[in-house]
Colleague: 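The structure that follows is given in the form of structure tokens.
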2 protein chains.
Amino acid sequence: MSIHEAIRAHIADRERILSVSAILFRENGYERTSVREIAKACGMLPGSLHYRYRSKDDILVDMMRLAIENIISGIVVAISSVLDPLEKMRAALRAHVNVLMSGDAMVYVLLFEWRSLQGAARVQMIAERDRYENYWQTIFDTLKVQGCIRSDVDIDMLRLIGLGAVNWVATWYNEDGKYSLEQIGDAIWQMMTRGVLTKEYDEKAKKL
Amino acid sequence: MSIHEAIRAHIADRERILSVSAILFRENGYERTSVREIAKACGMLPGSLHYRYRSKDDILVDMMRLAIENIISGIVVAISSVLDPLEKMRAALRAHVNVLMSGDAMVYVLLFEWRSLQGAARVQMIAERDRYENYWQTIFDTLKVQGCIRSDVDIDMLRLIGLGAVNWVATWYNEDGKYSLEQIGDAIWQMMTRGVLTKEYDEKAKKL
DNA sequence: GTCTATACTCTGATAGAC
DNA sequence: GTCTATCAGAGTATAGAC
């Protein structure tokens, strides 16, 4: 095996371990999932898993790093081809809902299992969450600068409440339920935009 | 001790055990809190605690029962003296935020630790959560019947998204932060009501 | 009803052979 | 790098004396 193949295999291992762990964590919670279970689900023995991650906390911290990368890049891809700022925001919300609900279990874990970390691991995790928070802040700042959102609107509050509504969806969404992910994403987008847009964009929004 | 005193003492014990446990669960999570810790914090020994609750899960289930009672009665008290339907809704939202954030740790636990329960205990807990869900559904139904909310508005979606925004506040609210609980409650109320009220009430809402 | 002492299980982590 | 075997400790639950 060449050095390049070895590196590729190592990365593939990392992603496999993390995605398998994420599914277990989402299903049963971090604390109720044992390292033995994780190893078994990965087709390894506990000792081998220990070689990659020295502790269970390390798995969770690394998972959160990857989850942030995944959700940010998911949004970047979703909005890069959209020009209109309002539609960009709607696309970003849809992407967040999609990655959270139908995509990556890691993102769910990121949002709901961070309380399991303490001490230094918690500090690292908070730094990762701040990266994502800042990313959304940039999106909203841009909307305001572009004259999309009225200048008197508190965009921090808007972001906090809006993303809260989105994240909580994960606690009640049901694949066989009354609403599709698109409907939910759009309803939240509507609730966030109603009454906060400048006149020009308010007209546009009604047509979307 | 008379039989009445004994019953009172028993109820007081229950509330003490549950509120002490709730604080520990909120702080460290359900799984990371041991029954030894709970007993110690209650000033009892593990054996005595076991006499009241045969298992740790039983504590959590009973706590959820009390939490639902507390939050519903908190809202009932807050809205009972308010006549205007719109203000009733705002008062209910404020009460929910207040009980969740500054009041009862049990309500926080109810919202964030239910995933720790499995099997029969989980079924019981879901039944309790449904009671609360139904209570809010009644509030929204009333608003619609009274001609407060436009007839074309999907009040289920409104409720799900609005309460989601409220509940998520618990993950970011900071007592020393930029916003007070009242500001947050009102901002959510505004976001929920903007663009969904009938003309008559929309005028009223602007004055509130 | 309360306390002491303990049974039993499972956990995360590791040492050392291969 | 992977596997086997095991450690030390924590977890819940309980039996039985008072």
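Throughout, protein chains are lettered first and strands after them, A, B, ... in sequence-line order, and every chain is numbered starting at 1.
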Colleague: List the protein contact pattern of nucleotides 11-18 of chain C with one symbol per nucleotide (5' to 3'): B for base contact, S for sugar-phosphate-only contact, - for none; contact means a heavy-atom distance under 4.0 Å.
Modeller: BBBB----

Colleague: Measure CD/A:Glu5 against P/D:dG1 and give the value in whole Å, please.
Modeller: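 Those two atoms, CD and P, are 14 Å apart.
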
Colleague: Without decimals, in angstroms, what is the distance between A:Arg52 CZ and D:dC3 P?
Modeller: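 The answer, rounded to whole Å, is 11 Å.
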
Colleague: Using heavy atoms to find the nearest nucleotide of DNA chain C for B:Leu45 and B:His10 separately, return the residue whose nucleotide is more 5′.
Modeller: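 On the 5' side of the pair lies B:His10.
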
Colleague: For the atom pair OG (A:Ser34) and CZ (A:Arg36), what is the distance rounded to the nearest 0.5 Å?
Modeller: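 Rounded to the nearest 0.5 Å, the OG-CZ separation comes out at 6.5 Å.
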
Colleague: Between the side chains of B:Glu133 and B:Arg159, is the shortest nitrogen-to-carboxylate-oxygen separation below 4.0 Å, so that they form an ion pair?
Modeller: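 Yes, charged N to carboxylate O under 4.0 Å.
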
Colleague: Of the options C:dT2, D:dT2, C:dT4, whose atoms approach the side-chain atoms of B:Ser48 most closely?
Modeller: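 In terms of side-chain proximity for B:Ser48, the closest of C:dT2, D:dT2, C:dT4 is C:dT2.
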
Colleague: If the plane angle is over 60° it's perpendicular, under 30° parallel, otherwise tilted; pick one for A:Phe25 and A:Tyr30.
Modeller: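 Judged by the thresholds at 30° and 60°, the geometry between A:Phe25 and A:Tyr30 is perpendicular.
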
Colleague: Taking the cut-offs as 6.0 angstrom to the six-membered ring centre and 45 degrees off its axis, would you call B:Arg90 and B:Trp189 a cation-pi pair?
Modeller: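 Positive - B:Arg90 is close enough to the ring of B:Trp189 and near enough to its axis.
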
Colleague: Return the value, rounded to whole Å, for the distance between atom CG of B:Asn28 and atom P of D:dG11.
Modeller: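 Spelled out: CG on B:Asn28 to P on D:dG11 is 11 Å.
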
Colleague: Without decimals, in angstroms, what is the distance between B:Tyr53 OH and D:dG11 C1'?
Modeller: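 Distance, rounded to whole Å: 21 Å.
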
Colleague: Look at the side-chain N and O atoms of B:Tyr51 and state whether any lies under 4.0 Å from the OP1 or OP2 oxygen of C:dG1.
Modeller: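 Checking B:Tyr51 against C:dG1: at least one side-chain N or O falls below 4.0 Å of OP1 or OP2.
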
Colleague: Before accepting this row, confirm whether a basic side-chain N of the pair B:Asp141/B:Lys144 lies closer than 4.0 Å to the acidic partner's carboxylate O.
Modeller: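 Here B:Asp141 does not pair with B:Lys144 in a salt bridge, since their nearest N and O are not under 4.0 Å apart.
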
Colleague: From CG of B:Leu49 over to C1' of D:dT14, roughly how many Å is that when rounded to an integer?
Modeller: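 For the pair B:Leu49 CG and D:dT14 C1', the rounded distance is 13 Å.
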
Colleague: Report the relative orientation of the aromatic rings in B:Trp136 and B:Phe140; use parallel for angles under 30°, tilted for 30 to 60°, perpendicular for over 60°.
Modeller: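 Aromatic pair B:Trp136/B:Phe140 classed tilted.
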
